[in-house]
Amino acid sequence: MFLQIVVFILTFCMMEFMAWFTHKYVMHGFLWNLHADHHKKDHDSWFERNDAFFIFYAIVSITCFYTWREGIFDLGLAVGLGILAYGLAYFFVHDIFIHQRFKLFRNANNKYAKAVRRAHKMHHKHIGKDKGECFGMLVVPWKYFKN
């Protein structure tokens, strides 16, 4: 059980790196056509083409659950839950808190909340796929904690 908890925590933490890497090199790289509408809204839909990216990590998480259930990968449950937990955190921070796709957490004003908002605002300052910054989500550079 201890190993499962450690693997869950490590997976959750590694997902921040995976999100940063995917965002910088995939979303702002060869799959920019799916991510571009997130930077410059060119439609009236609540959904964005960018929303398709969650499907990839959902498939990886579900595959981990399946391989654990079938006895193929003993740590599959911990890894799958770590990916799922990060996905939920990402959804709450990015889609709800920052972009207000649901009108919740509007009054969160602690130092971390302000830093996350500032960093993401700097990321969206660049409309094109080049010259971006702050590609992560939960780990925020120290410079954004300044008042």
Side-chain angles (χ1 to χ4, degrees), residues 1-106 108 112-144:
M1 181 62 145
F2 177 74
L3 179 60
Q4 299 284 339
I5 293 168
V6 169
V7 169
F8 168 81
I9 292 168
L10 288 174
T11 301
F12 182 91
C13 293
M14 282 298 299
M15 285 304 297
E16 176 69 7
F17 168 75
M18 290 304 300
W20 173 87
F21 181 87
T22 303
H23 193 177
K24 183 170 180 144
Y25 295 108
V26 176
M27 294 178 182
H28 281 257
F30 64 95
L31 288 179
W32 173 251
N33 60 329
L34 288 178
H35 186 60
D37 70 335
H38 180 66
H39 283 262
K40 185 176 181 188
K41 197 164 174 97
D42 60 357
H43 55 81
D44 293 327
S45 175
W46 184 82
F47 290 102
E48 301 173 345
R49 290 182 299 278
N50 183 67
D51 293 332
F53 286 105
F54 92 91
I55 295 170
F56 171 76
Y57 287 111
I59 290 170
V60 173
S61 182
I62 291 166
T63 300
C64 289
F65 295 144
Y66 177 78
T67 58
W68 168 76
R69 193 190 78 179
E70 295 299 315
I72 298 168
F73 182 36
D74 291 341
L75 296 174
L77 179 63
V79 173
L81 287 174
I83 294 168
L84 173 64
Y86 185 86
L88 289 172
Y90 191 97
F91 176 75
F92 277 102
V93 171
H94 183 263
D95 291 318
I96 295 177
F97 176 66
I98 293 173
H99 288 291
Q100 290 289 302
R101 288 176 86 175
F102 298 97
K103 306 305 180 198
L104 303 169
F105 308 120
R106 288 179 152 190
Y112 177 73
K114 287 178 182 179
V116 167
R117 282 188 183 125
R118 282 185 196 120
H120 205 72
K121 186 175 183 175
M122 292 307 295
H123 176 72
H124 278 268
K125 174 176 84 169
H126 306 284
I127 295 174
K129 76 179 202 175
D130 299 320
K131 299 180 183 176
E133 58 184 283
C134 297
F135 292 96
M137 179 52 51
L138 302 177
V139 177
V140 180
W142 285 113
K143 67 182 181 179
Y144 297 107

Heavy-atom pair of closest approach, residues [X] and [Y]:
{"X": "H23", "Y": "M27", "answer": "O-CB, 3.4 Å"}
{"X": "S61", "Y": "G80", "answer": "OG-O, 2.8 Å"}
{"X": "V79", "Y": "C64", "answer": "CG1-SG, 3.6 Å"}

(request) Check step by step if side chain to side chain contact (heavy atoms under 4.5 Å, CB included) holds for F56 and T22. (result) CA-CA 11 Å; F56 171 76; T22 303; 5.9 Å; no
(request) Applying side chain to side chain contact (heavy atoms under 4.5 Å, CB included) between F12 and each of L84, L81, L138, report the one that passes. (result)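 The single option meeting the side chain to side chain contact (heavy atoms under 4.5 Å, CB included) with F12 is L138.
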Is a side-chain N or O of [X] found less than 3.5 angstrom from the main chain of [Y], in a donor-acceptor match?
{"X": "Y144", "Y": "H120", "answer": "no"}
{"X": "T11", "Y": "V7", "answer": "yes"}
{"X": "E16", "Y": "Y86", "answer": "no"}

Measure the spacing between [atom1] of [X] and [atom2] of [Y] and express it to the nearest 0.5 Å.
{"X": "K121", "Y": "R117", "atom1": "NZ", "atom2": "CZ", "value": "11.0 Å"}
{"X": "L31", "Y": "F53", "atom1": "CG", "atom2": "CZ", "value": "5.0 Å"}
{"X": "F30", "Y": "K129", "atom1": "CZ", "atom2": "NZ", "value": "10.0 Å"}
{"X": "N50", "Y": "N33", "atom1": "CG", "atom2": "CG", "value": "11.0 Å"}
{"X": "F54", "Y": "I59", "atom1": "CZ", "atom2": "CD1", "value": "9.0 Å"}
{"X": "I62", "Y": "T67", "atom1": "CD1", "atom2": "OG1", "value": "12.0 Å"}

(request) May I have the step-by-step check of side chain to side chain contact (heavy atoms under 4.5 Å, CB included) for V139 and W20, ending in yes or no? (result) CA-CA 10 Å; V139 177; W20 173 87; over 6 Å; no
(request) Walk me through it: do W68 and D74 pass the test side chain to side chain contact (heavy atoms under 4.5 Å, CB included)? (result) CA-CA 5 Å; W68 168 76; D74 291 341; 5.5 Å; no
Mind telling me whether [Y] and [X] have parallel, tilted or perpendicular rings, with 30° and 60° as the class edges?
{"X": "H94", "Y": "H38", "result": "tilted"}
{"X": "W32", "Y": "H39", "result": "tilted"}
{"X": "F135", "Y": "H28", "result": "perpendicular"}

(message) How about OH on Y112, more than 12 heavy atoms from neighbouring residues, nucleotides or ligands closer than 6.0 Å, or not?
(response)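 Atom OH in Y112 is crowded, with more than 12 foreign heavy atoms closer than 6.0 Å.
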(message) How about CZ on F91, more than 12 heavy atoms from neighbouring residues, nucleotides or ligands closer than 6.0 Å, or not?
(response)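 Counting neighbours around CZ of F91, more than 12 heavy atoms of other residues, nucleotides or ligands fall under 6.0 Å, so yes.
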(request) Check the pair Y90 / M15 against side chain to side chain contact (heavy atoms under 4.5 Å, CB included), numbers first and verdict last. (result) CA-CA 10 Å; Y90 191 97; M15 285 304 297; over 6 Å; no
